[in-house]
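Let me begin by presenting the structure, written as structure tokens, before commenting on it.
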Amino acid sequence: MTRYRSKPQYVEAISWDGSAARRMEIMALGGFIENDGRGGAILWAGKNGSQGWVPVPVGHWVVTDGSGADFWPVAHDYFVAKYEPAEENP
């Protein structure tokens, strides 16, 4: 059996903190807000992803590959474990 490791991947990300400013940034990617029926709102992201549209809980990151075709939510703990700041853009 041959051993493999994943190739480095560059992504862009926005931390969803529940603020109006961040909501506008995520909506500029194509996300949308829906009334939750309890006086609150749900932010949705996903677009062309394999899971379709999924809710983005406050505290998650919204990640994109930069293509403009896809973006997805990532839990904070997973994001911190998987990604680190890039010194430069590829």
Side-chain angles (χ1 to χ4, degrees):
M1 185 172 288
T2 304
R3 189 172 177 180
Y4 292 88
R5 69 179 179 92
S6 63
K7 295 177 182 177
Q9 175 185 18
Y10 290 90
V11 298
E12 297 172 354
I14 302 168
S15 176
W16 171 228
D17 61 7
S19 70
R22 291 291 170 89
R23 180 175 65 225
M24 297 305 289
E25 287 181 72
I26 294 167
M27 289 178 68
L29 291 172
F32 66 95
I33 300 290
E34 180 177 68
N35 185 326
D36 70 359
R38 298 181 307 242
I42 301 170
L43 174 68
W44 293 86
K47 210 167 183 176
N48 296 326
S50 61
Q51 295 179 340
W53 290 96
V54 293
V56 183
V58 171
H60 278 49
W61 289 78
V62 175
V63 179
T64 178
D65 62 5
S67 70
D70 200 10
F71 57 101
W72 58 94
V74 175
H76 177 76
D77 293 344
Y78 181 82
F79 183 85
V80 171
K82 182 166 175 73
Y83 299 103
E84 61 185 19
E87 292 183 19
E88 61 184 58
N89 288 328

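If you take CH2 on Trp44 and CZ on Phe32, they are separated by 6.5 Å, rounding to the nearest 0.5 Å. Here the straight-line distance linking atom OG1 of Thr64 with atom CD1 of Ile26 works out to 11.5 Å at 0.5 Å rounding. Between the CZ atom in Arg22 and the CH2 atom in Trp16 there is a gap of 9.5 Å [rounded to 0.5 Å]. The OH atom of Tyr78 sits 6.0 Å away from atom OH of Tyr83, with the distance rounded to the nearest 0.5 Å. Taken to the nearest 0.5 Å, the CG atom of Leu43 stands 8.5 Å off from the CZ atom of Arg23. How far OG of Ser19 is from CE of Met24: 11.0 Å, rounded to the nearest 0.5 Å.
Closest non-hydrogen pair, Pro73 versus Ala45, comes out as CD-CB, 4.3 Å. Of all heavy-atom pairs between Ser15 and Trp61, the closest is N-CE3, 3.5 Å.
Val58 and Phe79 fall into different hydrophobic clusters, defined by Ile, Leu, Val, Met, Phe, Trp and Tyr side-chain heavy atoms under 4.5 Å apart, directly or through other members. Met27 is connected to Ile42 through a chain of hydrophobic side-chain contacts under 4.5 Å among Ile, Leu, Val, Met, Phe, Trp and Tyr, so both are in one cluster. Val11 and Val74 end up in the same hydrophobic cluster when Ile, Leu, Val, Met, Phe, Trp and Tyr side chains are linked at under 4.5 Å.
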Chi angles and distances behind the side chain to side chain contact (heavy atoms under 4.5 Å, CB included) call for Val56, Val62
CA-CA 8 Å; Val56 183; Val62 175; 3.9 Å; yes

